[in-house]
Each structure stands twice: as structure tokens, then as C-alpha cells.
Number of protein chains: 2
Amino acid sequence: MATIKDIARESGFSVGTVSAVLNNSNMVSDETREKVLSVIEQLNYTPNRVARNLRKNETKTIGVIVPDITNPFFSQIIRSIFNIAYKNDYLLMQLDSNESQRIGEDEVKALINQRVDGIILIGDIVSENFLANELQSKNIPFVVIERDYTNFDGPTFLVDTVKGGYLATKHLLDFGYKTVGVISGPIEQKSFYSSLGRLEGYRRALNDYGLPFDEQLIQQSDFTFDGGYQAMMKFISTDRIPRAVFAFNDLMALGAVEAIKNSGLLVPQDVAIVGYDDIPEAAYSFPALSTIRLPKKRLGEKAITELLDILKGQPIERKKIILDVDLVVRGSSGIFNSN
Amino acid sequence: MATIKDIARESGFSVGTVSAVLNNSNMVSDETREKVLSVIEQLNYTPNRVARNLRKNETKTIGVIVPDITNPFFSQIIRSIFNIAYKNDYLLMQLDSNESQRIGEDEVKALINQRVDGIILIGDIVSENFLANELQSKNIPFVVIERDYTNFDGPTFLVDTVKGGYLATKHLLDFGYKTVGVISGPIEQKSFYSSLGRLEGYRRALNDYGLPFDEQLIQQSDFTFDGGYQAMMKFISTDRIPRAVFAFNDLMALGAVEAIKNSGLLVPQDVAIVGYDDIPEAAYSFPALSTIRLPKKRLGEKAITELLDILKGQPIERKKIILDVDLVVRGSSGIFNSN
DNA sequence: CGTTGTTTTTGAAACGTTTCAGTTGTTGTT
DNA sequence: AACAACAACTGAAACGTTTCAAAAACAACG
């Protein structure tokens with residue numbers, strides 16, 4: 001492959017001049033520029049990014065890690081990140097942590113070795129400690145999406161999960177249901193944005209309607225289809241099946257619907273269901289799933305825009321951005337009133 | 001960040017020796033190795049990949065381009081590629097061509113500038129010409145998945161689309177249906193693997209059952225949910241609605257199901273449906289969709305394995321690998337017999 | 001026709017590695 | 001004690017750019 005030296009030799013100018021042409025420096029005469037460009041054309045030369053990267057100490061590359069690239073929720077975020085990055089002449093190095101923190105931390109190290117210019121962590125990729133020691137203290141530019149680290153106050157992009165929980169619950173209560181079952185994800189401190197927040201919203205809605213919080217109505221599950229199925233089955237095996245159920249993600253909601261159907265019951269006539277995430281499946285399932293829609297695209301856009309700003313040298317603002325959510329009403333929550 | 005020179009200075013050895021330690025050369029004494037490693041540990045040194053890349057003229061990076069990263073079909077392939085690449089110390093540079101050949105070709109150029117070690121093209125990313133002039137003639141190592149270029153006989157990984165079409169059609173014919181409608185994608189030469197092949201399988205099945213091919217029963221569409229909906233509506237507005245329909249992908253099949261339901265008809269009682277791809281939605285929809293399953297994971301694994309072999313210096317075999325498909329029977333094709 | 005100022009071009013250093021010919025040190029053999 | 005053989009280490013070149021001080025070329029002026 002032709003190098004800048006070949007261009008210099010063939011065109012009769014020095015490498016410095018050729019480089020100036022390549023970088024549109026205005027310190028080069030039009031005549032020279034023409035000549036150099038024509039030789040470049042002729043030799044089909046394209047600059048070696050690796051060499052440039054070494055010299056400029058930047059790679060025009062951003063690392064992105066998600067827990068599961070197969071999950072449409074993440075791939076939609078990634079797509080919006082990619083589009084903006086690409087427009088700004090950045091490419092994405094994209095890794096999948098397989099939902100494992102160990103792998104995730106390994107991957108962050110690999111990205112640092114590669115000298116990516118910045119990193120975007122989506123979801124639960126690394127531990128608080130790792131974040132502090134390997135990322136913050138080493139001054140690696142990075143932003144976080146959909147994970148709220150207690151001791152990190154840098155750029156974080158979240159979604160109003162409490163409001164989401166509130167909206168979903170209120171929607172069901174508005175039909176007149178007096179008890180609303182919950183199929184939650186794992187409940188631990190670190191998962192505030194996936195479970196605790198939604199649960200808080202649920203409590204507030206109950207409270208606003210003067211209804212009591214009943215521990216019995218909470219089934220803890222694991223965010224999978226099967227998990228949702230099992231959890232719903234537990235409800236069904238009970239003497240008092242909740243007539244309305246709020247599942248903390250769509251996959252579990254779909255599992256719950258399946259369980260209801262298999263038990264000879266109808267959605268929403270016997271049990272009304274609301275999910276969370278608005279994955280594409282929600283629209284195709286039958287009955288189509290009422291759910292909470294997150295601004296996935298905007299989440300990605302905000303995050304990459306912020307990261308690019310940081311890379312441009314803008315000081316890092318300590319901030320957590322919380323985006324709004326809304327309710328999407330479809331068939332699964334129906335209009336049946338229990339009064 | 002510490003460099004190899006810092007390690008050399010601190011440990012009292014030369015850069016050459018430090019480098020030898022880093023590369024596990026056996027030309028260094030155990031004692032020296034220990035000392036060097038301890039300094040590395042102490043200074044928290046990690047080698048700069050960019051510099052190494054420049055010197056070794058390799059980047060340990062593979063570029064992957066898909067038409068739409070949001071499509072689970074592609075993201076599943078990518079995941080299997082990623083896993084194997086990562087195990088072999090390669091990272092993925094992943095781009096999305098937005099279904100546009102112009103963008104796809106642009107992206108390939110960007111990857112070449114970045115000096116990725118190899119490229120994987122999934123689906124219809126670049127034109128035949130571009131493939132020949134920018135990839136083949138420049139000796140860039142690459143493999144192709146799910147696109148059959150007529151003039152390219154290098155490593156290509158396909159799926160037996162004719163068999164897929166045959167299986168889907170035969171499945172419907174086995175219920176006793178005498179006419180099977182088709183909702184195809186765009187029919188053009190380049191799209192052999194998406195439409196023409198399936199159509200060929202369809203014809204063969206009809207033929208085996210002594211049934212005539214009827215042009216009227218083919219609705220050309222565009223692989224989207226809406227397209228499937230519209231196409232089915234056209235069938236329905238006809239005097240003779242086909243009692244069985246084979247849609248060339250699951251998205252169109254789901255759209256068709258929606259159209260049928262909205263017309264007050266039932267699946268599969270009134271119209272039986274078979275799709276193609278086996279996307280996750282197929283399992284969650286109601287009724288769950290019978291479809292043709294492609295070995296997505298194996299497709300990715302075979303492709304990346306081959307590419308890695310090429311990068312290891314193995315001669316490029318001129319070959320097209322065609323993987324097998326199978327039929328997944330679910331509710332949408334039912335067991336209703338029209339006899 | 002010198003002087004000054006401005007524009008354009010040059011040449012070499014630098015980025016952080018790997019590689020390899022050459023040097024030094026050690027051990028063994030005669 | 002001289003030499004050979006081998007092991008361990010060194011030092012500098014090389015990878016292909018960008019950057020920048022310095023040189024060269026040109027223009028304008030008195």
C-alpha cells in the first residue's frame with residue numbers, strides 16, 4: 001500500500017507538504033495542492049490511520065459495552081449511538097459482556113489497551129469499585145447509560161423509572177382494579193433503575209389511590225420470559241389471583257400472558273397486564289402489550305453527544321440526566337372494569 | 001500513561017528486553033522477567049496497542065457491517081461472531097449500513113483506512129463491482145454472509161434458501177391445501193438468497209404435489225411488517241382468498257396475521273401462515289408463528305472461524321458454504337384440513 | 001538592489017512499540 | 001589459558017504519520 005513517502009517522492013514535494021495537503025492546512029498553495037492530490041488519486045493512496053493515531057494520540061474510536069447485544073432494547077440504543085458517532089468521524093468498538101461483570105471488566109481493560117478515545121457503558125457492566133479505580137482515576141472519558149452508580153456523579157443517562165412504575169400502576173388502577181400484582185426483577189440496591197425505582201412508582205400510585213401496599217402481591221423474578229411465566233403461575237396457583245399485573249419488563253409480561261392463556265384465562269378479561277420497555281415484540285404479541293415506552297433513541301443520542309463534547313475538551317459536568325417515559329396503551333390492559 | 005521506556009528505565013533493562021518479556025520470548029532469564037514484571041505491575045503499565053499495531057502492521061480488529069443492527073436476525077449472528085473473535089484476541093468494529101449500499105461502501109472504505117485485519121459483510125452491503133475493485137483486488141481479507149455474489153467465489157456463507165422455501169410450502173400442502181399464496185420480498189436477480197431461492201423451493205414443492213404454479217398467488221412485497229399487512233389485504237380483497245400463505249420473512253408473516261385478524265378471520269382456521277427466519281417475535285406472537293429456522297449462530301461462527309484462518313495465513317479457499325435449515329411448526333399453520 | 005515581510009516548503013523529531021544484528025557474559029572443552 | 005558455543009541483553013532502525021522550527025522563495029517597498 002502506498003504511503004505518504006511515495007506520494008512525496010512522486011509529486012516532488014516533501015512529506016510535510018503532503019501531510020499539510022491531507023489535513024487541509026491553508027499553508028499550502030493551490031497549485032501544490034492540486035499536484036499532490038492528483039498523485040494521491042493516481043496511486044490510490046489512503047492515509048494509514050494507525051500511524052496517525054499513534055502520532056496524534058487518539059484513535060477516533062469509541063468503545064461501547066452492552067450486556068446483551070441480542071436484546072433489541074440495547075441494539076436500538078447502539079444504533080442511535082453509531083449514527084451520531086459515524087457522522088462525527090468516530091467508529092464504534094462494540095462488545096457484549098454476556099451479562100457478566102467479570103467479562104465486562106475484562107472488556108473495559110481491552111478497550112483501554114486499544115486506546116479508544118472514550119467508553120460508553122450501557123446497563124450493568126462493571127462494579128462501582130472498578131468504575132472508580134480503572135476508569136475515573138485513570139481519567140478515561142466515559143459515560144454511563146441506564147445504570148445509576150451511587151458514588152459516581154459523572155455523566156449518566158437514565159430514564160424516569162419511578163414515573164414509569166407510577167404510570168403503569170395508575171393506568172391499571174384507573175380501570176378500577178383494587179389489587180395490582182407485580183412481577184419484578186431481582187431486587188437489590190444496585191438494580192435501582194431496573195427494579196427498585198419501578199417498585200417505588202408502584203407504591204406511590206397505590207398511595208395516591210388510598211390503597212395499601214401488600215407484600216403478597218410482589219413476585220420477584222429475573223427479567224426473562226420464563227421467569228415471567230413462572231411468576232404468573234405462582235399467582236394463579238393462589239386463591240386470590242390479582243386481576244391486574246404489572247410486569248417490570250416486556251419479556252416477563254409476555255411470559256405472564258402465556259401463563260394466563262395456558263391456564264384457560266383471558267387477557268385482559270381475566271387478568272390485565274402492563275409491561276415495561278416497549279420492545280418490538282410488545283406490538284406484535286396478542287393481545288398487544290400495554291407498556292411503558294423508554295426514549296431509547298434519545299438515550300443513546302444524549303450519551304454519545306455528551307461523550308463527543310467531552311472528547312472535544314469540554315469540561316466534564318457532574319450530572320445525571322433523567323429522561324421522561326410514557327405509557328403506551330394496547331390491548332393487554334383492556335377496558336374491563338372490576339367494579 | 002507509562003510507556004515501555006519508563007519500564008526500561010525503572011527496571012534497569014533495555015526496551016528490547018522489556019519488549020521480550022511482554023512477548024514471552026524465551027530469550028530472557030527468569031530473574032529478569034520477574035524484575036521487569038514487578039515494575040510493570042508497580043507502574044500499572046499496559047502496552048499501547050496503537051504503537052504495536054503500527055509496528056506489526058496488524059490491528060487485531062475485524063470490521064463487521066450489517067444492514068440493520070436492530071434486526072435480531074443480524075444481532076444474533078454478530079453475537080456469535082463477537083464471542084469467537086474475542087476469544088482469539090480480536091475486537092469488532094461494527095457498522096450499520098442502514099440498508100443503503102452507498103453508506104455500506106463508504107463504511108468499507110472507513111474500515112480499510114482503519115486498517116482492520118479483515119472484514120465480514122452480512123447481507124447486501126456493497127455492489128458486485130465494489131467488491132471486486134475495492135476488496136478483492138486490494139487483497140483485503142474478507143468473508144460474506146447471506147449474500148451470493150455471482151462473480152465472487154471466495155468464502156461465502158449461505159443458507160439453503162431453496163430448501164427453506166420447499167419445506168415451508170410442503171408443510172402447508174401436507175395439510176391438504178391446494179393453493180398456497182406467497183408474500184415475497186422484492187424479486188430481483190441480486191436478491192436470490194432472500195426471494196428467488198425461496199420462490200424456487202415453492203415451485204418445486206408445488207411440482208412434487210402435481211399442482212400448477214399460479215402467478216396470481218404471488219404478492220410482491222418488501223420484507224416489512226406493513227408490507228406483509230398490505231399484501232395480505234390484497235389477497236383478502238380478492239374473490240378467492242388463499243387458505244394458506246407462505247410469507248418470505250417473519251415480519252411480513254406477522255403483518256399478514258394482523259391483516260387476517262383485522263378482517264374478522266382466524267389463523268389458522270381461515271388462513272394458515274408460515275413465515276421465514278424464526279425471529280424471537282415468531283415465538284411470542286399469537287398464534288405463534290410456524291417458520292423456517294436458519295442456523296444464525298453457526299452462520300456467524302463458520303464465517304469468523306474462516307476469516308481467522310485466513311488471517312493466520314491459511315490460503316483462501318474458493319468456496320461457498322451452504323448451511324441447512326429446518327421447519328419449526330407452531331400454531332399459525334394449525335392442523336385444519338381443507339379436504 | 002538591499003531590506004523587510006509574507007507565504008510556502010522542508011526536514012527532522014516524535015509517537016511507543018517490535019525486531020534483529022551485534023555485544024557482552026558465562027560455561028565448557030581442550 | 002585460549003577458544004568456542006551459547007545465553008542474555010542492548011541499541012538502533014523501522015512502522016507511517018503529524019508537527020514545527022527553520023529555510024527558501026517570493027513580493028513589496030524605499
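Chain letters run A, B, ... following the sequence lines, proteins first and then strands; every chain starts at 1. What's counted below: heavy atoms across the whole structure, side chains too, no hydrogens, waters or symmetry copies.
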Atom [atom1] of [X] to atom [atom2] of [N]: distance rounded to whole Å?
X	N	atom1	atom2	value
Arg9(B)	dT10(D)	CZ	P	15 Å
Met27(A)	dC20(D)	CE	P	14 Å
Glu31(B)	dT26(C)	CD	C1'	14 Å
Phe13(A)	dA12(C)	CZ	C1'	20 Å

#### Entry: Nucleotide-resolved protein contact map, nucleotides 15-23 of chain C, B/S/- at heavy-atom distance under 4.0 Å
BBBBB----
### Query
Can you list every salt bridge (Lys or Arg N to Asp or Glu O under 4.0 Å) pair that touches residues 59-81 of chain B, not counting sequence neighbours?
Asp68(A)-Arg79(B), Arg79(A)-Asp68(B), Asp96(A)-Arg79(B)
Checking [X] now: which residues fulfil salt bridge (charged side-chain N to carboxylate O under 4.0 Å, His left out) with it, not counting sequence neighbours?
X	result
Lys138(A)	Glu134(A)
Lys319(B)	Glu306(B), Glu317(B)
Asp30(A)	none

### Message
Between Asp309(A) and Lys312(A), does any side-chain N to carboxylate O distance fall below 4.0 Å?
### Response
yes
### Query
Are Asp153(A) and Lys320(A) within salt-bridge range, i.e. N to O under 4.0 Å?
no
### Query
the helix from dC1(C)-dG30(D) to dT30(C)-dA1(D): angle between its terminal axes, five pairs each, to 10°?
60°
### Message
Donor-acceptor pair, distance only, cut-off 3.5 Å: does the side chain of Ser19(A) make one with the backbone of Val15(A)?
### Response
no
#### Entry: Below 4.0 Å: OP1/OP2 of dC9(D) and any side-chain N or O of Ser29(B)
yes
### Query
What about Phe82(B) and Tyr90(B), are their ring centers closer than 6.0 Å?
no
